Engineer: 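Shown below is the structure under consideration.
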Amino acid sequence: MPKSHPGSATDRLHRIEVVTDAALAHVEVERLLEEILERIRELLAADTATVLLLDSGAHHLVTRASAGMKEAVRQGARVRVGEGFAGRIAATRESLVLHDVNETTVVNPILWHRGIRSLAGVPLIADGELLGVLHVGALSTRTFDDTDVEFLRVAGDRVAMATRNRMTGSGQAAALSLQRTLLPGTLPEISGLDMAARYAPGEAGGVSGDWYDVFKLPSGWLCGTMGDVVGRGLDAATVMARLRTAIRAYALDSADPAEVLTKLDRHIRHFEPTMMATVAYAMWEPSLCRIHLSLAGHLTPVIAPDAEPAELPDIPVDPPVGAGTVPRPRRTTTIDIAPGTTVLFYTDGLVERRHRPLDEGLALLRGIVRSGPAESLCSDVMLQLVGTDPTDDDVALLAVRRRPEAAQPELTLTLEAVPESLAEVRAALRRWLPTVGATDDDLDDLLVIIGEAGANVIEHAYGPAGGQFQVHLAASDGRIEGTVRDQGNWRAARGTNRGRGTQLMQQLSDDLHIDHDNGGTTVQLRRSLGRRS
């Protein structure tokens, strides 16, 4: 039988048949992706073929399988939708070819560390739903032509449909879906903080009880947790889900991390008597200048001050929750966090290896960590500590950096129109105003002005369905100018003797205007810094 010419219709048909081989119909999703990617790489004479899937929040793409670049899977490499090569493909749902791979054209450092020179990618879409991105790479400069891209589209359709079917059709897939759903799709945006996280499954497969979580409290405090339930499988993932939820509930009633973990220990002893977990629980004060931390058998976080070597602070470690027969008192440690300092939490899968003592792994981690942008730090840590080295255990990583106190001329907040948001506004103002030269009197007055404007939005702008409001402030020439804006319909005040809040706002401002229209209400204000009330 004569050979078909490369690029001919017969050749393209052969390529498609190879990729859509019916023998792959009953293979599990990870194996399916690996098999298809190996075939795609071979047929396109590429060096790498990689699949990234959307996380539960649909804000990031996470590397799930790769032929030729498995380190990206082991490191849990992720890209924000809209950024970098894969992120642009996901945002536009269009194919893309790139012939110059470097720090300015892609955001995943593994690509340029690996030496990739050219990339071609397509979106993965099933029944109109975006699932992720498929891309191939070449170590040498080469041109991926229209025929290559068309083949990649067909392969992408196969990958998308097969992935969707497998992810909704098995118990293991359900457990994996549970675990990914319970990991935050996005981290909260806190003015003055920079955060990033990673989660990478181990080579052992299945699911585990590793987790991280970050959430805000009505008081304006920020909480971060990281934990690891002993064991693997659906039972571990289910317990992880319950512990994560329990911590959030206990956090609402306690400002002491040790008390929260004491309650969690009681919870697991009563409801999950055969399980045990290590947990790190930290609370950031609204000023961000201190954290309060309690460790239940968990590894000590790395603290990296700005422009200084990282350290593993001497923090007491209490027993894991669910361990032992007699509960022991738990302790909270308070740590000062100077501007520019990074706190890095992690699970033991990052530093423990069969061939390497734990102390050596911790020393390596300490030597790698430096304060800087959180996303870059997570990428560097995973690249250097995980790299291409398989690990049987899962890895979770959470980096929280207090931004350096360089003057930021503007502050912008978007908040839910609920009373709890007022605490967040106050905390943000207390952090921002001193950096632009505000005195204590300025701070007190602006807290009243913005607080009253926000309270008016919460009471008047929206009905039971709720909504959002925006606070935007700018500092220049010794004054603060800004707006508080909503998109609701103004409702009359309930009760009598109301309206004194507006009078107070006017007294404490140099200039204040309130405008109502069909698009909502806007409060415009100006206040000179250093003014005496």
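Since we're looking at a predicted model, the values are computed, not measured.
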Engineer: For the pair D194 (side chain) and R401 (backbone), establish whether a donor and an acceptor sit closer than 3.5 Å, ignoring hydrogens and angles.
Structural biologist: no
Engineer: With a 4.0 Å cut-off, would you call E424 and K216 a salt bridge?
Structural biologist: yes
Engineer: Any donor and acceptor pair, going by atom type alone, linking the side chain of T347 with main-chain N or O of D228 inside 3.5 Å?
Structural biologist: no
Engineer: To the nearest 0.5 Å, how far apart are CG in L398 and OH in Y199?
Structural biologist: 15.0 Å
Engineer: With a 4.0 Å cut-off on N to O distance, would you call D47 and R41 a salt bridge?
Structural biologist: no
Engineer: Do the side chains of L365 and L385 get nearer than 4.5 Å, heavy atoms only?
Structural biologist: yes
Engineer: Compare every heavy atom of S66 with every heavy atom of V73, then report the nearest pair and how far apart it is.
Structural biologist: CG2-N, 3.9 Å
Engineer: So does D265 pair up with R269, basic N to acidic O under 4.0 Å?
Structural biologist: yes
Engineer: Any side-chain heavy-atom pair from Y346 and L299 closer than 4.5 angstrom?
Structural biologist: yes
Engineer: For the rings on H292 and W284, is their centre-to-centre separation under 6.0 Å?
Structural biologist: no
Engineer: Side-chain contact, heavy-atom cut-off 4.5 Å: L152 with V154?
Structural biologist: no
Engineer: Looking only at side-chain N and O atoms, does D213 offer a donor or acceptor that is under 3.5 Å from a partner on T225?
Structural biologist: no
Engineer: Given the rule in the side-chain hydrogen bond (donor to acceptor under 3.5 Å, both in side chains) test, do H59 and T186 qualify, once you have shown the distances and angles that lead to the verdict?
Structural biologist: CA-CA 7 Å; H59 295 287; T186 57; 4.6 Å; no
Engineer: If I compare all heavy atoms of C378 with all of A399, which pair ends up nearest, and what's the gap?
Structural biologist: SG-CB, 3.9 Å
Engineer: First locate atom SG of C223, then atom CG of L217, and finally report the distance between them rounded to the nearest 0.5 Å.
Structural biologist: 3.5 Å
Engineer: Within a radius of less than 6.0 Å around CZ of R142, do more than 12 heavy atoms belonging to other residues, nucleotides or ligands occur?
Structural biologist: yes
Engineer: Under a 3.5 Å distance rule, please check whether T63 uses its side chain to pair with a backbone N or O of G76 as donor and acceptor.
Structural biologist: no
Engineer: Could you grab the distance from atom CZ of F215 to atom CZ of R244, nearest 0.5 Å is fine?
Structural biologist: 9.0 Å
Engineer: Show the nearest heavy-atom pair for residues A86 and L52, with the distance to one decimal.
Structural biologist: CB-CD1, 4.3 Å
Engineer: What's the verdict on side chain to side chain contact (heavy atoms under 4.5 Å, CB included) for V395 and R74, showing C-alpha distance, side-chain angles and the deciding distance?
Structural biologist: CA-CA 9 Å; V395 176; R74 292 174 181 138; over 6 Å; no
Engineer: Would a 4.5 Å heavy-atom cut-off, applied to side chains only, mark V400 and L193 as touching?
Structural biologist: yes
Engineer: Do E83 and R88 meet the salt-bridge criterion of a basic N to acidic O distance under 4.0 Å?
Structural biologist: no
Engineer: Hey, does T342 have a side-chain heavy atom less than 4.5 Å from the side chain of P305?
Structural biologist: no
Engineer: I'd like to know whether CD of E189 has more than 12 heavy-atom contacts from other residues, nucleotides or ligands below 6.0 angstrom.
Structural biologist: no
Engineer: Sequence neighbours excluded, which residues qualify as salt bridge (Lys or Arg N to Asp or Glu O under 4.0 Å) partners of E129?
Structural biologist: R164
Engineer: Given T105 and W112, is the side chain to side chain contact (heavy atoms under 4.5 Å, CB included) satisfied, shown in steps?
Structural biologist: CA-CA 10 Å; T105 56; W112 67 77; over 6 Å; no
Engineer: Closer than 4.0 angstrom, basic N to acidic O: yes or no for R114 and E71?
Structural biologist: yes
Engineer: Examine distances only and state if a side-chain atom of T143 and a backbone atom of D145 form a donor-acceptor pair shorter than 3.5 Å.
Structural biologist: no
Engineer: Identify whether the distance between the nearest side-chain nitrogen and carboxylate oxygen of E150 and R153 falls below 4.0 Å.
Structural biologist: yes
Engineer: Does the S421 side chain pair with the main chain of E416, one donor and one acceptor, at a distance under 3.5 Å?
Structural biologist: yes
Engineer: R198 and S379: side-chain donor and acceptor closer than 3.5 Å?
Structural biologist: yes
Engineer: Is the shortest side-chain heavy-atom distance between Y250 and T245 below 4.5 Å?
Structural biologist: no
Engineer: At their closest point, which heavy atom of L411 faces which heavy atom of S191, and how far apart are they?
Structural biologist: CD1-CB, 3.9 Å
Engineer: Side chains of L139 and S118, heavy atoms from C-beta outward: is any pair under 4.5 Å?
Structural biologist: no
Engineer: Under 3.5 Å, is there a donor-acceptor pair between the N102 and T104 side chains?
Structural biologist: yes
Engineer: Can L350 and M382 be said to form a side chain to side chain contact (heavy atoms under 4.5 Å, CB included), step by step?
Structural biologist: CA-CA 8 Å; L350 180 69; M382 297 296 284; 4.1 Å; yes
Engineer: For L377, is there any backbone N or O sitting under 3.5 Å from a side-chain donor or acceptor partner on R370?
Structural biologist: no
Engineer: Say whether Q487 and Q470, considering side chains only, have a donor N or O and an acceptor N or O under 3.5 Å apart.
Structural biologist: yes
Engineer: Are the side chains of I303 and L312 in touch, meaning some heavy atoms are under 4.5 Å apart?
Structural biologist: no
Engineer: How long is the gap from CZ on F144 to NE2 on H99, to the nearest 0.5 Å?
Structural biologist: 8.0 Å
Engineer: Hey, could you give me the CD1/CG distance between I247 and L252, rounded to the nearest 0.5 Å?
Structural biologist: 12.5 Å
Engineer: Please check: side-chain N/O of E375 versus main-chain N/O of A196, any donor-acceptor pairing under 3.5 Å?
Structural biologist: no
Engineer: Working to the nearest 0.5 Å, report the span between CZ of F151 and CD1 of I40.
Structural biologist: 5.5 Å
Engineer: Where is the tightest heavy-atom contact between L131 and A160, given as atom of each residue plus distance?
Structural biologist: CD1-O, 3.3 Å
Engineer: List the steps, then state whether side chain to side chain contact (heavy atoms under 4.5 Å, CB included) holds for L187 with Y212.
Structural biologist: CA-CA 10 Å; L187 299 174; Y212 64 87; 4.2 Å; yes
Engineer: On a heavy-atom basis, which atom in I337 and which in R402 lie closest, and how many Å separate them?
Structural biologist: O-NH1, 2.7 Å
Engineer: Heavy-atom count around E420 CD within 6.0 Å, excluding the residue itself: above 12?
Structural biologist: yes
